[in-house]
Amino acid sequence: MASFLKIEPGKIKRYFLSKTRVFEITTDTFFVVFEETVDFKPGQFAMVGTETTLTRKPFTLGLWDGRLAISVKVVGEGSRYIVETDKPIEIIAPLGNPFRPPETKGAVLVAPSCVAEGIHLAETFDADLYICSKTPLNAEFLAMVTAELDRVKCVVGDEAFIRLLDEITEKGYPWIFVSGSKKMEEIAYKRIRSKSKEIEVYLSLNEYMGCGIGACKSCAVETVDGIKHVCTDGPVFRGDAVWTTQ
Amino acid sequence: MASFLKIEPGKIKRYFLSKTRVFEITTDTFFVVFEETVDFKPGQFAMVGTETTLTRKPFTLGLWDGRLAISVKVVGEGSRYIVETDKPIEIIAPLGNPFRPPETKGAVLVAPSCVAEGIHLAETFDADLYICSKTPLNAEFLAMVTAELDRVKCVVGDEAFIRLLDEITEKGYPWIFVSGSKKMEEIAYKRIRSKSKEIEVYLSLNEYMGCGIGACKSCAVETVDGIKHVCTDGPVFRGDAVWTTQ
Amino acid sequence: MELSVPVIIASGPAGFGEYGKLEDFPWQDVGAFTLKTVTFKKKEGNKPPRMYAKDGYVINRIGLENPGIHEFLEVLQAGEFDWLFEKTSVILSLGGDSFEEYVEISKLIKPYANRFKAIEYNFSCPNVKHGGLSIIANKDEWIKLLYEIRTVLDEEFLIAKLGIEGGFVEHQAKIVSEAGWDGVTVINTVRGLMFNDEGEMIVGGLSGPNLLPIALRAVFEVRKMNPELYIIASGGIYTGDDAIKMLKVGADAVSVGSLLFKNEKMISQIANRVREYLGNSN
Amino acid sequence: MELSVPVIIASGPAGFGEYGKLEDFPWQDVGAFTLKTVTFKKKEGNKPPRMYAKDGYVINRIGLENPGIHEFLEVLQAGEFDWLFEKTSVILSLGGDSFEEYVEISKLIKPYANRFKAIEYNFSCPNVKHGGLSIIANKDEWIKLLYEIRTVLDEEFLIAKLGIEGGFVEHQAKIVSEAGWDGVTVINTVRGLMFNDEGEMIVGGLSGPNLLPIALRAVFEVRKMNPELYIIASGGIYTGDDAIKMLKVGADAVSVGSLLFKNEKMISQIANRVREYLGNSN
Ligand SMILES: Cc1cc2nc3c(=O)[nH]c(=O)nc-3n(C[C@H](O)[C@H](O)[C@H](O)COP(=O)(O)OP(=O)(O)OC[C@H]3O[C@@H](n4cnc5c(N)ncnc54)[C@H](O)[C@@H]3O)c2cc1C
Ligand SMILES: Cc1cc2nc3c(=O)[nH]c(=O)nc-3n(C[C@H](O)[C@H](O)[C@H](O)COP(=O)(O)OP(=O)(O)OC[C@H]3O[C@@H](n4cnc5c(N)ncnc54)[C@H](O)[C@@H]3O)c2cc1C
Ligand SMILES: Cc1cc2nc3c(=O)[nH]c(=O)nc-3n(C[C@H](O)[C@H](O)[C@H](O)COP(=O)(O)O)c2cc1C
Ligand SMILES: Cc1cc2nc3c(=O)[nH]c(=O)nc-3n(C[C@H](O)[C@H](O)[C@H](O)COP(=O)(O)O)c2cc1C
Ligand code: FES
Ligand code: FES
């Protein structure tokens, strides 16, 4: 009966959030901190409502100074709304499964759009945080993050990213978590795997989501075990589950 | 071969206009004066382009201090755009047939939305101008019009409008021109006709327009002579042509 | 069909009740919940990407992913949907890949049919090769099928879900009516194609606000030709106003699908307007 | 069909060339002009109101107002359209109320057919009781009609204009192709219903930007099933991007209708993008 979801009514809550601060992380990407916090575990996400789009938009949750934070890359109407609006933002959360690494002290590799999640994971699992950006990070923002968390490194550009991948592969981390664009995750997984078969690589997958709660089946991904759904089976998957299909 | 339009290429021109002044006439209705003027005759209209609507919008043309003027009642997206935008406005004009009264010195009855046309007609044909509004006219605007043109009277409210109709019917005008909402034109025509069969009543008709130039056949109205098109047969029609059909 | 309020959740977007995980899903304003279409065989659905939304449309090509009737019946018997039956009336949506599968699934469901307020047959999903919309391509066989199902499920409230393609929806509805069925749901998604921002082509079914004028017309035409049918309106309903328009052109009930992706709380606004309107117009 | 640029003005919105009254109509960017559908008998059209536009749709219920074929031919012979033939290629659009009228009008036009780049038959206008879309309701008769017209106009470039209703558009196109016709225009307006701000119901055909994903899909399906047909895409084309998408999914030419109500100058942008794309992709 595995293909039916066990439905436990009442698990997911609705929140109305007010933004307190919006930092620029880099071109087009912002760090949004809210007044409130919500109940969630590392790796989980929220569906964020907007006035301008037909669907709510998935964003991974993070914490900053004990408050809820998300990073938002502006790619369309919804992400723009979230960064720009002054109105309260309605979300439903927590969604998806928490990320549970096999042990602590791994490496967390994130694009600027996933920095909020990255900080939270690094803190929770005592891991090293690598921020991988195409464009330079806002220096003030970086200083702020470094003040909060040692073990942060930032690399800029594609070449530096590839070098970093080789470096961390050699460092002997038990696991590496990667969260960013599909492209970035694919490159990271394949590069790391080509040099080492031991390291457990985890990816936070991106698919267009209708519901975020397992109803609509829009967020399908192909895995070695057949179709899985990012919102209920993920969002974090083991790299081998995804890429060996290709 | 009457049902085919004789097409004379190149008669209609395109203009890009800049607003110089926007006066409030009354709640939701504005008097918009442009820098430029265009070539037109009393009673003709323009199709006014907007960025926000799928169709250009018909507005009757008037003059103010030698410049092009239109009155605009805000009823939807298009009219709102025209009043609010700071960008140049693109129009095509002149459209429709000029209004040619049988003689001068008639009466021109207009709603605030047709004041620009009204002033122009009154001046051209040495007629009395009656502005009939549901809500009080902006005093400054009214003073301005009165300074420009004697023979202006303004009545406010439905009862005053009916009294006015009776008054002007008795005054023995050879013709009365009415321009406003469908409802207002119908009331005016029927009231005047019930008291006098002599006065020639002209109405400027409103129908949704796709093209404004005779192509699309959207602006059809039913008349005693069958279907006519506001943009090419009008916009001004003799009242008897329209209402005796009912 | 008597409902607490004639506002229905459409088959598909809301799956098998997963929105119930929300602490505050507005069940009190849901007259009936239509389950995602269950087909005879289990379906994996189509390859990703499966959805995109822009400019007033949602496009999807899920492809009827579902566990199939056998697993569904197991789960039903195991009581896993009992919570849903407690919340509201439930409509079952059925599908299949062929004439035989549609008949077979009808027989299989027969013993459980009384648990459902109505049974809806999906003759209009555009995202599957067999069954769905393609089943009506052979009109004579489809007519035979309607009679066959009516014979198997002789006491149930039977609803055919129709789209605007493959024929005139009002003629299709007449055929459904003549076969002795009780109602129709009109419309389903309309076949569409969009390019996402990466330039990938998504070939699927369109839903969302832009469907409203199309669905209004379909309901209007179906009602004109079929005064006797129970009509559930589907397509682009997002507000109370949209719902009232549907009732005005002849719908008996309205259903909401993609709306859930925006915000399920809007159902309450719709239900309130519908109650108000029916209170006034009766 | 060879055109200076495969950008066509659709039948209807631009009438019989009235936009030519504009001093700067972009004729240099128009590959062909399709005249408003001429029917066998004169038509007065439907009662007003006939149009409304909102939220990405234009709705119209003109009802094929036109002077009929006899007056049309008189005017044509009198040379009144000569100026238009000088500006661009002209496509004639024909219609009728019945099988017989469609055949008769074909015979009447035969002597003049060589003046037109192509002859398009309107089998998809949703705003008339007889003819238009309703002609395909009787499929067998419609097929017979296609063969009959092909026999009468045996040398002309024949195009059938199809909508998405009354059948599967790709199957309809196959029928057209099998009857030996040269091309199809897909799609026409889609049946819709809107309420204007006064609450009046307008029951007509939908055009405008919201049609684009529906028309893209129709062209895609028609192309897949009919590699041999010349396809003119119609529906929701407003920008160069829209036009390129149409070419990508299989159109040979694009046509614009409601766009003219917004601004005819946008045709030039479309034509330039199309030229650029074809230059690059050839
Ligand atoms: C579980 C999950 C967690 C996410 N967390 C974050 C996050 O923390 N920060 C962040 O910036 N983004 C995150 N995303 C991606 C984010 O949801 C999308 O960028 C956002 O939905 C785009 O919405 P839009 O309205 O701005 O753009 P749209 O107009 O919806 O889309 C613009 C472009 O982005 C693509 N796109 C839209 N949604 C997705 C998606 N879900 N995956 C991949 N491409 C998409 C579209 O195909 C389109 O090309 C996450 C996605 C998922 C599935
Ligand atoms: C020849 C002619 C001259 C006109 N001159 C003027 C003028 O000088 N000043 C002025 O304020 N208005 C004038 N109008 C009316 C004006 O064109 C409409 O109010 C305008 O097009 C509305 O556009 P919108 O986008 O704001 O509203 P829309 O969203 O288009 O419509 C809002 C509401 O207005 C109704 N409506 C829209 N267009 C018309 C129309 N043409 N006739 C009647 N109802 C309509 C709609 O049914 C709807 O209920 C004229 C109309 C015509 C035909
Ligand atoms: C993601 C998604 C999945 C759907 N799945 C089904 C389905 O399984 N069965 C069905 O009959 N309709 C299905 N539909 C169609 C909806 O029930 C509904 O008829 C359509 O979406 C139009 O309504 P809307 O505009 O309110 O969404 C689906 C629609 C969407 C968007
Ligand atoms: C006002 C109007 C009149 C139309 N008249 C006709 C017609 O006479 N014959 C025809 O084949 N199509 C007619 N159409 C359909 C258009 O040719 C075109 O196929 C349709 O509008 C979709 O394209 P668009 O979105 O570019 O407008 C008409 C459309 C409109 C809006
Ligand atoms: S987003 Fe709906 S099932 Fe995952
Ligand atoms: S508005 Fe097009 S014919 Fe009058």
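Just so it is clear: chains get the letters A, B, ... in the order the sequence lines come, proteins before strands, and each one is counted from 1.
Glu77(A) does not touch chain C: none of its heavy atoms, backbone or side chain, sits under 4.5 Å away. Of the two parts of Leu22(C), the backbone and the side chain both hold a non-hydrogen atom closer than 4.5 Å to a non-hydrogen atom of chain A. Contacts of Glu207(A) with chain C are made by side-chain atoms alone, with heavy-atom separations under 4.5 Å and no backbone atom involved. Of the two parts of Phe25(C), neither the backbone nor the side chain holds a non-hydrogen atom closer than 4.5 Å to a non-hydrogen atom of chain A. Contacts between Leu54(A) and chain C at a heavy-atom distance below 4.5 Å involve backbone atoms as well as side-chain atoms.
Taking both residues in full, the closest heavy atoms of Ile9(C) and Ala14(C) are given as CG2-CB, 3.6 Å, listed atom of the first, atom of the second, then distance.
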For a quick test of your reading: what N or O donor-acceptor pairs under 3.5 Å do the side chains of residues 199-211 of chain C make, sequence neighbours left out?
residue, atom, partner, partner atom, Å
Glu200(C), OE1, Asn196(C), ND2, 2.8
Ser207(C), OG, Ser258(C), OG, 2.6
Asn210(C), OD1, Asn210(D), ND2, 3.4
Asn210(C), ND2, Asp55(C), O, 3.0
Asn210(C), ND2, Asn210(D), OD1, 3.4

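Taking non-hydrogen atoms and a 4.5 Å limit, the residue list of residues 261-271 of chain C in contact with chain A, ordered by number, reads Phe261(C), Lys262(C), Asn263(C), Glu264(C), Lys265(C).
In this structure, Arg115(C) satisfies the cation-pi test against Phe85(C), with its NZ or CZ atom closer than 6.0 Å to the six-membered ring centre and inside 45 degrees of the ring normal.
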- Task: Would you please test Thr55(A) and Tyr208(A) for side chain to side chain donor-acceptor pair (under 3.5 Å) and show each step?
- Result: CA-CA 10 Å; Thr55(A) 55; Tyr208(A) 200 98; 2.9 Å; yes
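Most heavy-atom pairs under 4.5 Å with chain A: of the set Asp24(C), Asn46(C), Val58(C), Asn60(C), this distinction falls to Asp24(C). Ranked by heavy-atom pairs under 4.5 Å with chain A, the list Pro49(C), Gly17(C), Gly45(C) is led by Gly17(C). Most heavy-atom pairs under 4.5 Å with chain C, from the set Gly78(A), Gly212(A), Ala220(A), Gly210(A): that is Gly210(A).
In this structure a side-chain-to-backbone donor-acceptor pair under 3.5 Å is missing from Glu90(A) to Arg14(A). Judged by distance alone, the side chain of Ser79(A) and the main-chain N or O of Val75(A) form a donor-acceptor pair under 3.5 Å. Here the side chain of Lys19(A) pairs a donor or acceptor atom with the backbone of Thr85(A) at under 3.5 angstrom.
For the ring pair (Phe, Tyr, Trp, His ring centres under 6.0 Å) criterion with His120(A), the lone passing option out of Trp64(A), Phe40(A), Phe99(A) is Phe40(A).
Here the CD1-CD distance, from Ile12(A) to Gln44(A), works out to 9.5 Å after rounding to the nearest 0.5 Å.
Checked against the 6.0 Å centroid threshold, Phe33(C) and Tyr19(C) do not count as a close aromatic pair.
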